[in-house]
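In this text the structure is predicted, and so the values were computed from the model without any measurement.
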Amino acid sequence: MLKKGSKLYSILTGTCPKCMNESMYTDQNLLHIGSVLKMHEKCSHCGLKYQIEPSFFYGAMYVSYGLNVAVGIAAFIVSYLFLGADIQTSFITIIITLILLFPIVLRLSRNIYINMFVKYDPKTKNS
């Protein structure tokens, strides 16, 4: 299903969007909250500089907002419509879900954002 070379592969695995040979992040564990967003400066395989321009990843905040809205709506639908919870419980469920998924949403938003600007090149050489 997920093949190397697809945008979805790079987004879900957090690999370099140009060569897809190594992770962009220094720490793979999402439970280490202090290092969730710590990235390598560049890819050791293809040499892609991840911080394309100064403050590049500020744009990922817009992607993060959209992902958080989608997660919040999904949490509300599941708790209110499928589980039959009342409104107050449903909103508490949204807050808890957003807090628990915070590290995942942070990384996904960065992965989606950089994949908007960099495309896969299977011919990249080791630099």
Taking all non-hydrogen atoms of both residues, which atom of [X] and which atom of [Y] are closest, and how far apart?
X: L101; Y: V71; result: CD1-CG1, 3.8 Å
X: D27; Y: N29; result: OD1-N, 3.2 Å
X: G5; Y: M20; result: N-SD, 3.1 Å
X: Y80; Y: S90; result: CB-OG, 3.4 Å

Crowding at CZ, F76 (>12 non-hydrogen neighbours, <6.0 Å):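 Check passes, neighbour count above 12.
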
Crowding at CD, Q88 (>12 non-hydrogen neighbours, <6.0 Å): no

Please check if the distance between the ring centroids of [X] and [Y] is under 6.0 Å.
X: F57; Y: Y50; value: no
X: Y9; Y: Y120; value: no
X: Y62; Y: Y58; value: no

For the [atom1] atom of [X] and the [atom2] atom of [Y], what is their distance to the nearest 0.5 Å?
X: E41; Y: Q51; atom1: CD; atom2: CD; result: 9.5 Å
X: M39; Y: R107; atom1: CE; atom2: CZ; result: 9.0 Å
X: K4; Y: C19; atom1: NZ; atom2: SG; result: 7.0 Å
X: L106; Y: M61; atom1: CG; atom2: CE; result: 11.5 Å
X: H40; Y: S23; atom1: NE2; atom2: OG; result: 6.0 Å
X: C16; Y: E22; atom1: SG; atom2: CD; result: 7.0 Å

[X]-[Y] co-clustered via ILVMFWY side chain contacts under 4.5 Å:
X: L98; Y: I92; answer: no
X: F82; Y: I96; answer: no
X: F102; Y: L100; answer: no
X: I73; Y: I87; answer: yes
X: L12; Y: M116; answer: yes

Would a distance-only check, ignoring hydrogens and angles, find a side-chain to backbone donor-acceptor pair under 3.5 Å from [X] to [Y]?
X: S6; Y: L2; result: no
X: T26; Y: K38; result: yes
X: K7; Y: N115; result: yes
X: S64; Y: A60; result: no

Would a 4.5 Å heavy-atom cut-off, applied to side chains only, mark [X] and [Y] as touching?
X: I52; Y: V118; answer: yes
X: M24; Y: N111; answer: yes
X: L83; Y: V78; answer: yes

F56 and Y113 aromatic ring geometry - parallel, tilted or perpendicular at 30°/60° bounds: tilted

Positive for side chain to side chain contact (heavy atoms under 4.5 Å, CB included) with S109, one of I104, N68, V63, I114: V63

